Peer 1: 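Sharing a structure here in structure tokens format.
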Amino acid sequence: MSDATAQATAQAAVTVAVKATAAASGASATERFLTDKTGTSAPGADTERVHILATEMISAVHDIVRRHQVTYEEYNALKSWLISVGRDGEWPLFLDVWVEHVVEEVATAARQGSKGTIEGPYYVPGAPELPSVSTLPMRDKEAGTELLFQGQVTSASGEPLAGALLEMWQADDEGLYAQFAPGIPEWNLRGSVVADDEGRFAVTTIQPAPYQIPTDGSCGRLISAAGWHAWRPAHLHLKVSAPGHTTLTTQLYFKGGTYVEDDVARAVKPELVIDPRPTGDGGCEVTHGFVLDPAS
Ligand code: DHB
Ligand code: FE
């Protein structure tokens with residue numbers, strides 16, 4: 001095989017792997033949501049609240065139709081697209097990219113401690129428990145720059161939170177998440193790290209790659225039809241919790257990384273951008289702490 005052919009074959013393999021992911025990740029994200037979150041998201045019993053929210057959402061749509069003189073052709077295109085979002089299982093992806101950041105902003109407006117951001121569709125509870133100094137589960141020779149991520153979890157008054165739990169999940173060096181993309185070990189780059197008696201942790205992992213919304217599903221079709229881009233900057237996901245404190249759901253981004261200034265999900269905040277320094281052996285390290293608010 002010539003070099004060019006080998007390269008094309010490798011590229012095709014990557015394309016196939018990523019393509020397989022669009023349908024699989026949508027279906028898995030939908031399944032995951034229905035399993036874990038339906039209890040907290042059933043339609044509220046508060047009729048007045050549902051009435052107000054539903055009425056205003058419907059009239060916002062009416063306003064758009066009038067303001068932009070929406071045609072029957074456009075109306076039917078919308079109808080068909082909405083149907084396909086459900087068929088592709090992409091509602092979790094759609095909502096978490098284009099809506100969740102505002103819900104998070106409203107929900108956490110009164111926080112004193114560390115900033116949070118969106119959870120996204122790829123959290124899975126129950127990742128393997130790991131000691132305070134540990135390495136996230138990963139494959140032999142997992143691709144990507146090694147990253148030592150360390151810090152301390154404290155309360156708003158500065159007390160160390162002994163035994164705080166740091167649930168971490170992230171994409172790999174190809175931007176793919178275990179349990180949502182095929183062929184990745186179940187708990188790859190996912191772990192529940194228990195901080196030590198001083199709330200300290202030191203986790204070895206790899207720097208993830210930017211994440212691309214699957215391009216062959218309904219969300220991808222919207223993005224290309226609207227001339228947008230489909231990318232989130234590389235990020236680490238965390239849920240940090242301790243008894244008596246409000247759980248912090250957050251993400252960390254990498255200074256200077258692609259799409260940090262232009263995240264499709266609008267989830268980047270300046271406080272969430274870390275700047276690991278090279279360790280001299282090809283890896284890098286960063287110290288970053290978390291401050292949890294008291295339980296409300
Ligand atoms: C989506 C994916 C992510 O990794 C994330 O952090 C947020 C949203 C998504 O595809 O919707
Ligand atoms: Fe993510």
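Start at 1 and go down the list; that is how both ligands and their atoms are numbered. Treat the numbers as computed from the prediction; the structure is a model and nothing was measured.
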Peer 1: Quick one: look up the protein heavy atom nearest atom 4 (O) of ligand 1 and list residue, atom name and how far away it is.
Peer 2: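 Atom 4 (O) of ligand 1 sits closest to the protein heavy atom Y177 OH, 2.9 Å.
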
Peer 1: Taking 4.0 angstrom as the limit and counting only heavy atoms of Q251, give me the atoms of ligand 1 inside it, by number and element.
Peer 2: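 Selected atoms, number and element: 6 (O).
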
Peer 1: Does at least one non-hydrogen atom of E119 fall below 4.0 angstrom from an atom of ligand 1?
Peer 2: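 For ligand 1, residue contact (heavy atoms, under 4.0 Å) with E119 is absent.
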
Peer 1: Could you check atom 9 (C) of ligand 1 against the protein and tell me its nearest heavy-atom contact, residue, atom and distance included?
Peer 2: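 For atom 9 (C) of ligand 1, the nearest protein heavy atom comes out as V97 CG2, 3.4 Å.
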
Peer 1: How about Y259 and H229: are their ring centres within less than 6.0 Å of each other?
Peer 2: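 Judged by ring-centre distance (under 6.0 Å), Y259 and H229 do meet the cut-off.
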
Peer 1: According to the interplanar angle, ranging from 0 to 90°, do the rings of F94 and W81 count as parallel (below 30°), tilted (30 to 60°) or perpendicular (above 60°)?
Peer 2: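 Ring orientation, 0 to 90° scale: perpendicular.
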
Peer 1: Measure from the side-chain N and O atoms of R190 to the backbone N and O of Q170, and report whether any donor-acceptor pair falls under 3.5 Å.
Peer 2: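 No, R190 side chain to Q170 backbone: no donor-acceptor pair under 3.5 Å.
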
Peer 1: Is the shortest distance from a Lys or Arg side-chain nitrogen in D172 or R139 to a carboxylate oxygen in the other one below 4.0 Å?
Peer 2: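 Judged by the 4.0 Å cut-off on N to carboxylate O distance, D172 and R139 do form a salt bridge.
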
Peer 1: Below 4.0 Å, non-hydrogen atoms only: which portion of E100 touches ligand 1? Side chain, backbone, both or neither.
Peer 2: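 E100 to ligand 1: no contact under 4.0 Å from either part.
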
Peer 1: State plainly whether the residues E198 and R200 are in salt-bridge range, i.e. N to O under 4.0 Å.
Peer 2: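 Salt bridge present between E198 and R200.
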
Peer 1: Looking only at heavy atoms, is any part of Y122 under 4.0 Å from ligand 1, and if so is it the side chain, the backbone, or both, or is it neither?
Peer 2: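 Within the 4.0 Å criterion, Y122 contacts ligand 1 through side-chain atoms alone.
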
Peer 1: Does at least one non-hydrogen atom of P121 fall below 4.0 angstrom from an atom of ligand 1?
Peer 2: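 Within the 4.0 Å threshold, so yes.
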
Peer 1: Got a salt bridge between R266 and E100, using NZ or NE/NH1/NH2 to carboxylate O under 4.0 Å?
Peer 2: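 No salt bridge links R266 with E100.
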
Peer 1: Starting from atom 6 (O) of ligand 1, locate the nearest protein heavy atom and write down its residue, its atom name and how far away it is, to 0.1 Å.
Peer 2: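 Here the closest protein heavy atom is R232 NH1, 2.6 Å.
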
Peer 1: Contact between F94 and ligand 1, counting heavy atoms under 4.0 Å?
Peer 2: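 No heavy atom of F94 comes that close to ligand 1.
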
Peer 1: Do you see an N/O/S atom of Q251, backbone or side chain, under 2.8 Å from the Fe ion (ligand 2)?
Peer 2: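 Coordinating: no.
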
Peer 1: Going by the side-chain hydrogen bond (donor to acceptor under 3.5 Å, both in side chains) test, name the single residue among R232, E261, H235 that passes it with Y253.
Peer 2: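 In the set R232, E261, H235, the residue that makes a side-chain hydrogen bond (donor to acceptor under 3.5 Å, both in side chains) with Y253 is R232.
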
Peer 1: What protein heavy atom sits nearest atom 10 (O) of ligand 1, and how far off is it?
Peer 2: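 The closest one turns out to be Y211 OH, 2.8 Å.
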
Peer 1: In terms of ring plane angle, is the pair Y211 and Y177 parallel, tilted or perpendicular, where the classes change at 30° and 60°?
Peer 2: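 Taking Y177 first and then Y211, their aromatic rings stand perpendicular (interplane angle over 60°).
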
Peer 1: Indicate if Y122 and I213 have the same hydrophobic cluster label, given that clusters are the connected sets of ILVMFWY residues with side-chain heavy-atom separations under 4.5 angstrom.
Peer 2: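 Cluster IDs for Y122 and I213 match.
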
Peer 1: At a 4.0 Å threshold, what atoms of ligand 1 neighbour a non-hydrogen atom of I118?
Peer 2: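 Heavy-atom distances to I118 below 4.0 Å select 7 (C).
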
Peer 1: Within ligand 1, which atoms have a heavy atom of H235 less than 4.0 Å away?
Peer 2: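 Once the distances to H235 are compared, the set is 4 (O), 6 (O).
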
Peer 1: Is it true that K239 and E119 have a side-chain N and a carboxylate O under 4.0 angstrom from each other?
Peer 2: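 Answer for the salt bridge query: yes.
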
Peer 1: Taking distance alone, with N or O pairs closer than 3.5 Å, would you say D96 contacts ligand 1?
Peer 2: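 There is no such contact.
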
Peer 1: Does ligand 1 come near enough to G120 that some N or O of the ligand is less than 3.5 Å from an N or O of the residue?
Peer 2: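 No, no N or O pair falls under 3.5 Å.
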
